[in-house]
Structure formats: structure tokens, C-alpha cells
There are 2 protein chains.
Amino acid sequence: MLNYSTSEENYIKAIFHLQEANETVSTNALAQELLTRPASVTDMMKKLKTKKLIHYQPYQGFRLNTEGKKVALGIIRRHRLWEFFLSEKLKFEWGEVHEVAEELEHVSSKKLIDKLDEFLGYPKFDPHGDPIPDVHGRMEDHERISLFDLPLNVYAEVCHVANQSTEMLDLLKHKSIAIGTKLEVKRKFDFDNSLEVKIRQQSPVTISEQLAKNIFVKYGS
Amino acid sequence: MLNYSTSEENYIKAIFHLQEANETVSTNALAQELLTRPASVTDMMKKLKTKKLIHYQPYQGFRLNTEGKKVALGIIRRHRLWEFFLSEKLKFEWGEVHEVAEELEHVSSKKLIDKLDEFLGYPKFDPHGDPIPDVHGRMEDHERISLFDLPLNVYAEVCHVANQSTEMLDLLKHKSIAIGTKLEVKRKFDFDNSLEVKIRQQSPVTISEQLAKNIFVKYGS
DNA sequence: ATATATTTTTAGATTTGTCTAAATATTTAT
DNA sequence: ATAAATATTTAGACAAATCTAAAAATATAT
Ligand SMILES: [Mn+2]
Ligand SMILES: [Mn+2]
Ligand SMILES: [Mn+2]
Ligand SMILES: [Mn+2]
């Protein structure tokens, strides 16, 4: 497995995430994701094509090929293991881990990552509930459903938060919701689609439609 | 405190180490240390001068000013804390930590380093026995003496290893010597300046002049 | 189907960090 | 003191990653 520059890695990872939503990734979408210019994206796509990491025909969009996905999973593994480390061992807050992991992920020593994985006890999910690829790039993919779609009076556990902005995390903290929180939806109000949610041993809280659609849960107490 | 590029940081750190030995650092010495060309050093020295980190007059050599030393100590702090982490927590071997720390040291989040320091229990020395600067850049500077200069029959403890090549570490391992090893010199042979050294609860080993001059000890059992 | 708008690519420039080869300054030896 | 050797700097080039502005391709609307 070759080594890639920090910049190349950031592009590869972004394509990986974007192509989960859309079959093919566009120049503009990638430019927006990476806070860069379309012209810079085109330049980089030419390079990644030469390095045989993507399928790309001018004007046709692009997507990672098998090798590209393998590389992406390696970067995501590093990112999420560091996030776990920062949160679990260094007691960083939820919202602070991403930015630092964005740098740490580019330290490419394989031994470092595999030993870190071992040290952390082979965690399966990062602090945002995203699955951590193992040494072979495999990850658990638990079925999850948005809190908004959870039926009434069914126990479920928060396992993923889609948006990880400071604003979102502020709000979650205020509502006492985190990964692992057990809850059930008691009522849904048709007027504004807000939910009344009961968390164990707490009084019920109101969750807006927007927030509920960003919280994902799995069934079970 | 501004942020510096990886390349700038590597130059700054190298100057810091070189100016401990010589009053002023030369272009060639720095080029050799960094495995680069003298012309590249001159280019960078101009930049570091503009950024007010060094004293530099063309042809006169250079040295870090107060601000430059402060920056250097920050980089060294990061480097050595990561070395300690790799050795202590991830169980890396002595000889493997430096290369990885050389990359990790450039991740510049202050919070990351201060929390790492806390997590590690505020260690004072890295795995090679080098002192770790604290958050203010201060470090313990225990007086140490080379094993070669240690008087006969005086108990001492290994606290520093000057050379950290794989070859050196191989040899040290074979002789069962590490940071913290307690020993005393029993004899010195004038023919080749070799030493007979007694480590607690072990049979005596022979240490060459070259090796002894790279091992540093402090007095006391 | 044609005009308009949007997206993407190209052309050319810029910054950072590096290099080689040549010029210049300094040091050392005679 | 002069010549030779060594060290340092300058000049000019190059690769990586970015940008702006203009050109070209594609998509959309009438
Ligand atoms: Mn990144
Ligand atoms: Mn995450
Ligand atoms: Mn480094
Ligand atoms: Mn060290």
C-alpha cells in the first residue's frame, strides 16, 4: 500500500463519504465539501486517476475504485480510532475530537494504528456512533433508524448522530442525550412534528423534527 | 503563538539541538542534520529570520532567539510526550518511537498535548532519558555523567542514551542495559579502554569505550 | 430547438519547499 | 600575502497544491 499526501487523503476520504449518498460524485459537491475550488478538484481528480484510485471521465463525475475504497477505509480507520482515543482516554468533549482527528489521521505508520487499536481494546464505534473499520477494512453496520421514524413507546438506544456541529452538540447536551442514551418516544405532535421523548429516570424532553432526524437509534433496551 | 509548517518546525528543532553543542550553527551542519542541501537551508534561514525566530547575518551562522527557543521547546515537548506514550502505552520498542514521534510532533493542538501530558501523568523524561519540557517549556536537567567517566565502584543509574540508532539499541538490549538500569563500573582496562560493568543480580558485562561514552548515568542506587 | 444557466475544465499565476550549478565570501595552507 | 580549499549564497528550475478568469461542455427552461 503506497503512501499518499495529506491533501490526497482528504480528497479520497471526502469522495468516499459523498459516494455513499450519490452513485457518482460531482466536482462542485467535492469542492464544497473540502472548502476548495472546482478547478482544484479537477486537478486532483486527474492525479488520483493517474494513481488508479478513481474512475473518472471528464464531465462525467467520479467514484473510488476498489483500491480507492481500500485506501479510504484505512484513513477512516485512523480517523475514528483517534476520535475514540481522544474521547475515551483524553476526555475530550464530543465536539472537539473531529478537528484534531482530522490531523492525526494522516500519520501513516501502520504499526502505530494497529497498536493503538489494541490499546483501545478494538473499539467498534467512534464517539459519534460511526463504525470503525478493522485492520481488514471491515466494519459493523448495525441497522439504525432515525429517532423521527421510531414508533411510539418502543425502547431504543442512541447509536449515531448525523450532524456533529458545535450547535448540535450543545443542544444534545442540554437535552441529556448522548451515544448510548436509552429512550422512547411517547408522543408525536402533528402541528410541528415535534416529539416528546422519555429518557430513563428523567422527565420528558421535547425534540424538534430537525433534531430527531439527525439522531439515529437501534432497537432494544 | 503562531503556527509553523512541518518543515519550519523540523528546522527549528534541529537548530535548537545543534546550538546546544556549538554557540552558533552553520549552514552545512544544519543541512547534514536534516538530510537536505545547504541552499535549502539558506532559503529557510531567510524565512525564519523574517518570522523573527533566529538571529542570522549572511555567512555568520545563526541561532534561535528567545521566541525561537520557545517554539523549539514546544515541538520538543510534543515529540517527547508522544515518545513516552508510544513506549509506555503502546509498548513500542525503544528504537521505534522516534520515527513515529517525528510525525506526531507536528500535530499542533495545544489542548491535545496538555491533555496527553495529563493522561500520561506528567512524565519528566522520555524513553531515551531526555527531559520533557512542561507546559511552560521548563524541564528537569539532572546532572549526568558518561558511563566512561564514572569512577570505579560507585553505584549509578542509567538515565540517558546519546545515540539512538537501531544498532546501538540492539547492543544495549544484548547487554541488558536500559534507562533505569542500576550498575557500577568494576574495572577499566587501559589496553582498549573497555570497562567491566556489574549490573545488579547479573554477571559482569564488558562495555567498549565507544559504547560507554554514549551511556549517561546519574549517581545513586 | 434554441437560448440561457450551470457545471466543469483549461490556461496561466502563486506559494512553499526543494534542487543543481554557478558565483561569492570566508577560511586555511603555503 | 597570496593561492587553494571550503562554506555559503544566489540564480534559476521544478513539483505540489492551490487560486482566478476564461473557455468549453452539459443541463435546463422556454
Ligand atoms: Mn484530514
Ligand atoms: Mn466520528
Ligand atoms: Mn518532525
Ligand atoms: Mn527521545
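Note that the structure is a prediction, hence the values are computed from the model and not measured. Every chain is numbered from 1, with letters handed out A, B, ... down the list of sequences.
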Report the residues that fulfil salt bridge (Lys or Arg N to Asp or Glu O under 4.0 Å) with B/D117, sequence neighbours left out, ordered by chain and then residue number.
B/R77
Under-4.0 Å side-chain N/O to phosphate OP1/OP2 contact, B/K46 with D/dT9:
no
For atom CE of A/M44 and atom P of C/dT9, their distance in whole Å
15 Å
Would you classify B/P38 as touching base, sugar-phosphate or nothing, given that sugar-phosphate means primed atoms plus P, OP1 and OP2, and contacts are heavy atoms under 4.0 Å?
base
All N/O donor-acceptor pairs, side-chain side in residues 19-29 of chain B, below 3.5 Å, sequence neighbours left out:
| residue | atom | partner | partner atom | Å |
| --- | --- | --- | --- | --- |
| B/Q19 | OE1 | B/L64 | N | 2.9 |
| B/T24 | OG1 | B/F62 | N | 3.4 |
| B/S26 | OG | B/A29 | N | 3.1 |

ring-ring contact (aromatic ring centres under 6.0 Å, His included) with A/Y11: which residues, sequence neighbours excluded?
none
Test ring-ring contact (aromatic ring centres under 6.0 Å, His included) applied to B/F148 and B/F216, step by step
CA-CA 8 Å; B/F148 192 75; B/F216 288 78; over 10 Å; no
Identify whether any heavy atom of B/S7 sits under 4.0 Å from a base atom; if not, whether one sits that close to sugar-phosphate; answer base, sugar-phosphate or nothing.
sugar-phosphate
Does anything in residues 14-28 of chain A come within less than 4.0 Å of DNA chain D? Heavy atoms only, and list the residues if so.
none
Contacts of type side-chain hydrogen bond (donor to acceptor under 3.5 Å, both in side chains), residue B/D170, not counting sequence neighbours
none
Do A/H79 and A/D126 pair up side chain to side chain, a donor and an acceptor below 3.5 Å, judged on atom types alone?
no
What is the distance, rounded to the nearest whole Å, between atom CD of A/Q32 and atom P of C/dT6?
15 Å
What is the distance, rounded to the nearest whole Å, between atom NZ of A/K49 and atom C1' of C/dT8?
15 Å
Distance-only donor-acceptor pairs under 3.5 Å for side chains of residues 50-61 of chain A, two or more places apart:
| residue | atom | partner | partner atom | Å |
| --- | --- | --- | --- | --- |
| A/T50 | OG1 | A/K46 | O | 2.6 |
| A/T50 | OG1 | A/K47 | O | 3.4 |
| A/K51 | NZ | A/E8 | OE2 | 2.7 |

Using atom CZ of A/F62 as one end and atom C1' of C/dT9 as the other, report the distance to the nearest whole Å.
12 Å
What is the distance, rounded to the nearest whole Å, between atom CD of A/Q60 and atom P of D/dT26?
7 Å
Can you list everything that forms a salt bridge (Lys or Arg N to Asp or Glu O under 4.0 Å) with A/E105? Sequence neighbours excluded, please.
A/K13
Please state how far atom CD in B/E8 lies from atom C1' in C/dT15, giving the value in whole angstrom units.
12 Å
By the salt bridge (Lys or Arg N to Asp or Glu O under 4.0 Å) test, which pairs, at least two apart or in different chains, include something from residues 86-95 of chain B?
B/E93-B/K173
Whole angstrom value for the distance that separates P of D/dA16 from CG of A/N3:
15 Å
Which is true for A/Y56 with a 4.0 Å heavy-atom rule: it touches a base, it touches only sugar-phosphate, or it touches nothing?
sugar-phosphate
Below 3.5 Å between N/O atoms, which protein atoms pair up with nucleotides 19-23 of chain C? Just atom names and distances, please.
| residue | atom | partner | partner atom | Å |
| --- | --- | --- | --- | --- |
| C/dC19 | OP2 | B/T36 | OG1 | 2.6 |
| C/dC19 | OP2 | B/R37 | N | 3.2 |
| C/dC19 | OP2 | B/S40 | OG | 2.5 |
| C/dC19 | N4 | B/D43 | OD2 | 3.4 |
| C/dT20 | OP2 | B/R37 | NE | 3.1 |

